[in-house]
Amino acid sequence: MSRIPAPSRLITLTTDFGTRDGYAGAMKGVIRSTAPEAWVEDITHDIAPGDIRAGAWALRSAIPFFPRGTVHVVVVDPGVGTSRTAMIALADGQYLIGPDNGVFSWVLAEAAQVRAWSLHDRSWRVKDPSNTFHGRDLFAHAAALIAQEGDPELVLGGDMVPMVCGWARSIQVEHGGTGEIVHVDHFGNLVTNLRLPSLLPGQMWKIQVPGCGLCLHGLKRTYGEAEPEQALALTGSHGFLEIAVRQGSAARQLGLHPGEKVTLSRLDA
Amino acid sequence: MSRIPAPSRLITLTTDFGTRDGYAGAMKGVIRSTAPEAWVEDITHDIAPGDIRAGAWALRSAIPFFPRGTVHVVVVDPGVGTSRTAMIALADGQYLIGPDNGVFSWVLAEAAQVRAWSLHDRSWRVKDPSNTFHGRDLFAHAAALIAQEGDPELVLGGDMVPMVCGWARSIQVEHGGTGEIVHVDHFGNLVTNLRLPSLLPGQMWKIQVPGCGLCLHGLKRTYGEAEPEQALALTGSHGFLEIAVRQGSAARQLGLHPGEKVTLSRLDA
Amino acid sequence: MSRIPAPSRLITLTTDFGTRDGYAGAMKGVIRSTAPEAWVEDITHDIAPGDIRAGAWALRSAIPFFPRGTVHVVVVDPGVGTSRTAMIALADGQYLIGPDNGVFSWVLAEAAQVRAWSLHDRSWRVKDPSNTFHGRDLFAHAAALIAQEGDPELVLGGDMVPMVCGWARSIQVEHGGTGEIVHVDHFGNLVTNLRLPSLLPGQMWKIQVPGCGLCLHGLKRTYGEAEPEQALALTGSHGFLEIAVRQGSAARQLGLHPGEKVTLSRLDA
């Protein structure tokens, strides 16, 4: 296993805990107790409780931008303490530690290279770990240990194939295709799983959302190119087709949710 | 006072400021101006405004997991500028800086060793401190100073006995007892102050909440052992009896609040 | 330009992204990839979407307390990708990086020394930056680069005069004056733009808000000097006249919003 890159001392946290109960703070305490020189960066603690799909999207947005060797601790874990596996994976050089429940789906689906192991359960574990807070007693502790020692093998169990949920699937569009809304962001923008080619001048696209009767012609380059409160379509910063409302919430104005079908077709081809 | 451990350069923040006004940011600025090498970790800024009891709970959840010598700055301070004392305490090796208004109740009640002092008011203080933002002008500044210099005596005033509120009281249960709900967490889980012995197989417990007619038989090990949307009782990660609803909010579903009585009795003893 | 101070490795983030989509996390990833030793501190990610004025207030509250050379990245940017300029400024030793859309108004208006440049668009830029996420692809990257290299000239374009909005204007009061509410904070306190002289014992002030009929006599020193749920006026930690309700929200109780006129007059002069 000598080809596994060493973990760095940079650890990120992504949870559905909020911060007000001190649970996220406890994880930081555990990390700093084991790895006094670690850098802990919050990605978010605001995933809706138990919303694995929203967690998976946040990780996709953030993880690829971190330096290789970063250790990402993720606790969106409605099945904590049940038979779901505690896992560690390495995806394009990023360490992922958390429950094997699909929360890493997007990151794993889009990585070129993935290896995954169960977190083994040896002497490094805290004494009397709780059954309900693996984020503190297991995941944060494992992350801190490998960040401190620079050695992932301290926590590697058996090889495994991690769960990748069906919704983490992008559709490469050439001349047209049908996908769906996969995420509604903080601004109410509707992100689809339709990945567009590089746009060339003169291309004419039609975007239809049958569920609400919306039909847009043409892709904008940025939000400000639409009139205030008008719907528009563009390629978002994630590379996917996105439907937005300038200075408003497309989700609220159009009444759309994840799962809604979106069709893209090229008119000039 | 040579037996006082040196403060580390790790400083945590717990406030009811939210973040959007920049007040929490100002505290970080003050800390970094005085202690450029300090590590500042947010525990939370989302305590409800003035909710001392909720702040006390968050501190109990987080503080014991930090390394000894960590300096915890706490600003849930509805009485700022009045006669309430600005204090610094040392509780099992953790430095606590904030108002003496009960917000440290749980941490102090559960610590084996406590000493407390008023924050003295000497030359280290900022010029013209505001009367309404001691978090920035007093507490953050004192924390940064002792973290930077490694010397708590720079800010120690007279010895004092800090306030410990009556609600910060755990009840050790052997065969049964009556306690109350002390905290409702982000997931809607109802945390009581009933501390259970280590659970042995075969023990049969009955949990009753007279206020809502709830009666549960048996303790689960984790949330996933109940049916979806069913209520369950378990020992939470804090060591207390907790009432939860799988994939739901017990607080909302059962209509319960802090202060509600909970009775635990052992049926097999 | 040799008199420009070197940027430090301390970078702050202020956005309207929330955290749950991972966009703020992506900015941290970009920063850590370029500047592995940078310290990243969140000021806030909770500015209301597109609320430039609220962002400007948060920056005013926080930025002056950071050490000189700190690099502040700000993304409240409803006009991303349009003709608004991407800028870098130096205001009393603080580096400001973000859109030139007024979000720096308060900081610039109150700084003694300001210089500003467009962010130039040279080889340091990421390949294929998105049109909709300059926070990640432009601002965070520029901040990390100058923090890492200690050299702001790497990103300086042409000199420019940054936008300072009319609402970022404080009114120095001697014996009386009329100003307006400029910010409603997390506690519902109403912050005005009336700046008072140092208060002397015996001064008698009258505060009137015609819009709601409120008339208060006298300034309190701190919140706790009023009766619970009563309105009071005081000089806030920002140096401005503030109207508050003890243990309550003045904004909700009085039904007031930014823009409402407030008159201050001295009765004893």
Side-chain angles (χ1 to χ4, degrees), chain A residues 9 11 13 15-42 44-52 75-84 99 101 126-141 144 148, chain B residues 8-10 12-14 16 19 39-48 51 54-70 72 94 106-107 183-189 191 198-199 219-225 228 234-239 242 244 246-249:
Chain A
R9 290 198 175 165
I11 296 173
L13 301 180
T15 78
D16 60 354
F17 292 163
T19 62
R20 69 178 178 80
D21 298 311
Y23 302 153
M27 292 176 66
K28 295 181 184 182
V30 165
I31 290 171
R32 299 304 305 248
S33 291
T34 297
E37 303 293 321
W39 307 77
V40 184
E41 300 286 1
D42 293 313
T44 186
H45 299 290
D46 288 341
I47 301 299
D51 193 339
I52 290 169
V75 198
V76 182
D77 193 12
V80 60
T82 63
S83 61
R84 69 98 186 89
N101 63 8
V126 294
K127 200 162 59 74
D128 289 330
S130 75
N131 295 312
T132 56
F133 196 176
H134 286 182
R136 180 188 71 194
D137 298 338
L138 190 59
F139 302 135
H141 193 72
Q148 179 67 16
Chain B
S8 77
R9 290 197 176 167
L10 178 57
T12 78
L13 301 180
T14 300
D16 61 353
T19 61
W39 306 78
V40 184
E41 300 286 3
D42 293 312
I43 291 180
T44 186
H45 300 290
D46 288 340
I47 301 300
D51 193 339
W57 181 263
L59 297 176
R60 179 196 186 281
S61 297
I63 284 180
F65 295 92
F66 278 86
R68 291 172 69 86
T70 301
H72 303 278
Q94 309 282 344
W106 275 112
V107 171
H183 183 67
V184 176
D185 78 11
H186 174 66
F187 297 94
N189 298 326
V191 183
S198 289
L199 296 179
L219 291 168
K220 303 293 187 190
R221 216 176 45 85
T222 191
Y223 306 110
E225 294 181 355
L234 47 63
T235 304
S237 61
H238 30 65
E242 180 178 314
R246 186 178 170 199
Q247 298 173 10
S249 161

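Naming convention: chains lettered A, B, ... in sequence-line order (proteins, then strands); numbering from 1 in each chain.
- Formation of a donor-acceptor pair under 3.5 Å by the A:H45 side chain with backbone atoms of B:T44 is not found in this model.
- Rounding to the nearest 0.5 angstrom, the gap separating the CG atom in A:N131 from the OG atom in B:S237 is 10.5 Å.
- Interface check for chain B: of the options A:G18, A:P49, A:G29, the most heavy-atom pairs under 4.5 Å are formed by A:G29.
- Both the backbone and the side chain of A:E37 come within less than 4.5 Å of a heavy atom in chain B.
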Quiz item: Can A:D16 and B:F187 be said to form a side-chain contact (heavy atoms from CB on, under 4.5 Å), step by step?
Solution: CA-CA 9 Å; A:D16 60 354; B:F187 297 94; 3.5 Å; yes

Quiz prompt | side-chain contact (heavy atoms from CB on, under 4.5 Å) between B:D185 and A:Y23, worked out | solution = CA-CA 10 Å; B:D185 78 11; A:Y23 302 153; 3.0 Å; yes

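- Atom CD of B:E41 is separated from atom CD1 of A:I31 by 8.5 Å, given to the nearest 0.5 angstrom.
- To the nearest 0.5 Å, the span separating NE2 on B:H238 from OG on A:S130 amounts to 9.0 Å.
- Most heavy-atom pairs under 4.5 Å with chain A, from the set B:H183, B:E242, B:E225: that is B:H183.
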Practice problem: Kindly indicate, with the supporting measurements, whether the criterion side-chain contact (heavy atoms from CB on, under 4.5 Å) is fulfilled by B:T70 and A:R32. | Solution: CA-CA 10 Å; B:T70 301; A:R32 299 304 305 248; over 6 Å; no

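- In terms of heavy-atom pairs under 4.5 angstrom with chain A, the leader among B:T222, B:I47, B:V191 is B:T222.
- Put simply, the side chain of B:R221 never gets that close to the backbone of A:T132: no donor and acceptor are under 3.5 Å apart.
- To the nearest 0.5 angstrom, A:S33 atom OG is 7.5 Å from B:F66 atom CZ.
- If you tally non-hydrogen atom pairs under 4.5 Å between each of A:A24, A:G81, A:P36 and chain B, the highest count goes to A:G81.
- In this structure, OG on B:S61 lies 11.0 Å from CZ on A:F17, to the nearest 0.5 angstrom.
- Not a single donor-acceptor pair under 3.5 Å links the side chain of A:D21 to the backbone N or O of B:A58.
- Only the backbone of A:A38 comes within less than 4.5 Å of a heavy atom of chain B; no side-chain atom from C-beta onward does.
- We find the CG-OH distance between A:D77 and B:Y223 to be 11.0 Å, quoted to the nearest 0.5 Å.
- A:K28 contributes no side-chain N or O that, together with a main-chain N or O of B:I43, makes up a donor-acceptor pair within less than 3.5 Å.
- The residue among A:R20, A:M27, A:R84 with the most heavy atom pairs within less than 4.5 Å of chain B is A:R20.
- Of the two parts of B:L234, only the side chain, counted from C-beta on, holds a non-hydrogen atom closer than 4.5 Å to a non-hydrogen atom of chain A.
- The choice from B:A62, B:G188, B:S249 that makes the most heavy-atom pairs within less than 4.5 Å of chain A is B:A62.
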